[in-house]
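Keep in mind that the numbers below use all heavy atoms, side chains included, and drop hydrogens, waters and symmetry copies. All chains are named by letter (A, B, ...) in the order of the sequence lines, taking the proteins before the strands, and each is independently numbered beginning at 1.
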There are 2 protein chains.
Amino acid sequence: MTTPVNTARGSGRQLDHPTPAEIRLEGVLHALSDPMRLRIVRELAEADAELPCSSFDLPVTKSTLTHHFRVLRESGVVQQTYRGTAKLNGLRREELAVLYPGVLDSVLAAAGDRTTDSAAGSATDRS
Amino acid sequence: MTTPVNTARGSGRQLDHPTPAEIRLEGVLHALSDPMRLRIVRELAEADAELPCSSFDLPVTKSTLTHHFRVLRESGVVQQTYRGTAKLNGLRREELAVLYPGVLDSVLAAAGDRTTDSAAGSATDRS
DNA sequence: ATGCTCGTACGATACCCATCGTAGTACGGG
DNA sequence: CCCGTACTACGATGGGTATCGTACGAGCAT
């Protein structure tokens with residue numbers, strides 16, 4: 001009411017992400033320690049692209065999903081950008097690889113993901 | 001009172017640890033996502049030996065320390081054995097390395113581990 | 001035995017957090 | 001212009017958990 005300027009005026013909606021220096025290891029581990037979030041991260045890693053929230057089919061409501069994405073963003077695991085009505089989510093793999101080498105990769109590998117990244121070329125796995 | 005058989009009768013005190021198959025990645029990550037516990041794990045890694053609870057100098061009470069050790073044990077990160085009045089804590093590095101290769105190592109490295117003498121020993125490292 | 005140290009159990013407390021529902025904003029299309 | 005889709009914000013709720021204090025059990029030393 002009367003103050004529609006809630007989020008940020010105009011179309012330049014911006015979300016604040018932590019800078020690499022602000023990304024804490026405990027925060028990353030905590031973010032990854034939730035089954036839902038780990039699943040999200042796995043899907044993002046497999047897709048190796050930016051996915052809108054709506055492309056995730058998880059057994060939770062949208063509110064909860066928003067919450068999880070926020071945790072992932074605030075912990076520095078993903079970056080989010082608005083695009084039209086959608087919000088694209090992308091893993092911050094390289095930044096994390098520089099900060100905490102091997103952590104994300106090994107967790108993804110342990111979680112059943114094949115680090116897709118890699119070789120990308122010959123992968124063909126796909127479960 | 002009147003039932004002193006509280007903990008376990010006799011001296012055969014035993015603690016139940018999860019088998020490798022029972023160790024869940026989320027549990028490990030969650031255990032490591034707490035600053036106190038991460039610190040404990042780092043110290044254990046640096047010492048590369050079994051340490052009694054009392055050898056940790058953390059800004060929490062003994063009760064809390066006991067709690068953290070229990071979380072670490074139940075998540076499968078450490079193993080505990082009684083020895084006299086002390087309880088020795090050891091990292092389950094190899095088991096974790098088999099289950100989730102690289103996870104513990106990279107987290108320790110990211111946490112600033114360095115194994116003290118680190119320098120990386122030139123080649124011998126890697127566990 | 002007595003006492004000391006090490007660790008545990010239990011209860012209490014306060015905080016964090018995953019989840020939901022509802023209401024609302026932002027954007028694009030008929 | 002109105003509506004539908006995508007996501008958010010807010011409040012509520014229940015469960016988890018980090019913390020403490022106190023009381024206790026187990027083993028060792030004197």
Side-chain angles (χ1 to χ4, degrees), chain A residues 1-16 24 26-27 29-41 50-75 78-89, chain B residues 1-16 24 26-27 29-40 50-75 78-90:
Chain A
M1 49 102 98
T2 73
T3 13
V5 195
N6 199 348
T7 47
R9 132 234 287 90
S11 50
R13 259 126 100 235
Q14 287 228 337
L15 298 159
D16 69 317
R24 311 227 1 82
E26 301 92 331
L29 294 176
H30 178 243
L32 297 176
S33 72
D34 182 277
M36 288 298 161
R37 290 194 290 261
L38 188 51
R39 197 160 148 184
I40 291 173
V41 170
E50 302 203 314
L51 300 175
C53 301
S54 52
S55 71
F56 292 85
D57 187 31
L58 298 169
V60 293
T61 62
K62 281 199 294 181
S63 328
T64 304
L65 203 51
T66 296
H67 161 71
H68 285 311
F69 275 113
R70 165 151 40 178
V71 173
L72 287 171
R73 170 170 49 85
E74 292 182 344
S75 67
V78 307
Q79 61 193 345
Q80 302 183 299
T81 50
Y82 279 108
R83 180 182 170 182
T85 91
K87 189 164 72 168
L88 298 182
N89 304 275
Chain B
M1 37 156 67
T2 74
T3 10
V5 195
N6 199 350
T7 47
R9 127 250 275 66
S11 51
R13 263 124 99 234
Q14 286 232 339
L15 297 161
D16 68 316
R24 298 182 330 139
E26 302 91 331
L29 294 176
H30 178 245
L32 296 176
S33 73
D34 181 277
M36 288 298 160
R37 291 193 289 261
L38 188 52
R39 199 162 146 184
I40 291 173
E50 303 204 315
L51 300 176
C53 302
S54 53
S55 71
F56 293 86
D57 186 33
L58 297 170
V60 292
T61 63
K62 282 196 300 180
S63 328
T64 305
L65 203 52
T66 296
H67 161 70
H68 284 310
F69 275 112
R70 165 153 36 183
V71 173
L72 286 171
R73 171 169 50 84
E74 291 182 344
S75 66
V78 307
Q79 61 194 344
Q80 303 183 296
T81 49
Y82 280 107
R83 181 186 170 178
T85 98
K87 191 164 70 168
L88 297 182
N89 303 275

Strictly under 3.5 Å: I want the nitrogen or oxygen pairs between protein and nucleotides 18-20 of chain D, one per line.
| unit_1 | atom_1 | unit_2 | atom_2 | d |
| --- | --- | --- | --- | --- |
| D:dA18 | OP2 | B:Arg37 | NH1 | 2.6 |
| D:dA18 | OP2 | B:His67 | NE2 | 2.9 |
| D:dT19 | OP2 | B:His68 | NE2 | 2.2 |
| D:dC20 | OP2 | B:Thr61 | N | 2.8 |
| D:dC20 | OP2 | B:Thr61 | OG1 | 3.1 |
| D:dC20 | OP2 | B:Thr64 | OG1 | 2.8 |

Can you tell me how far the [atom1] atom of [X] sits from the [atom2] atom of [Y], to the nearest 0.5 Å?
X: B:Asp34; Y: B:His67; atom1: CG; atom2: NE2; value: 7.5 Å
X: B:Glu50; Y: B:Asn89; atom1: CD; atom2: CG; value: 8.0 Å
X: A:Leu15; Y: A:Thr81; atom1: CG; atom2: OG1; value: 8.5 Å
X: A:His68; Y: A:Ile40; atom1: NE2; atom2: CD1; value: 6.5 Å

Protein-nucleotide distance ([X], atom [atom1]; [N], atom [atom2]), rounded to Å:
X: A:Leu65; N: D:dA9; atom1: CG; atom2: C1'; result: 15 Å
X: A:Phe56; N: D:dA6; atom1: CZ; atom2: P; result: 14 Å
X: A:Leu88; N: D:dA6; atom1: CG; atom2: P; result: 13 Å
X: B:Arg70; N: C:dA9; atom1: CZ; atom2: C1'; result: 8 Å
X: B:Glu26; N: C:dC17; atom1: CD; atom2: C1'; result: 17 Å
X: A:Phe69; N: C:dC17; atom1: CZ; atom2: C1'; result: 18 Å
X: A:Glu74; N: D:dA9; atom1: CD; atom2: C1'; result: 13 Å

Report the residues that fulfil side-chain hydrogen bond (donor to acceptor under 3.5 Å, both in side chains) with A:His30, sequence neighbours left out, ordered by chain and then residue number.
-> none
What residues, two or more places apart in sequence or in another chain, satisfy side-chain hydrogen bond (donor to acceptor under 3.5 Å, both in side chains) together with A:Thr61?
-> A:Thr64
Residues at least two apart in sequence or cross-chain that pass salt bridge (Lys or Arg N to Asp or Glu O under 4.0 Å) with A:Glu26, listed by chain then number, are A:Arg24
Extract from the structure each pairing of a protein N or O with an N or O of nucleotides 28-30 of chain D at less than 3.5 Å, listing the distance.
none

Listed once per pair and sorted, the salt bridge (charged side-chain N to carboxylate O under 4.0 Å, His left out) pairs that draw on residues 61-75 of chain A, sequence neighbours left out =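 Sorted result for residues 61-75 of chain A: A:Asp16-A:Arg73.
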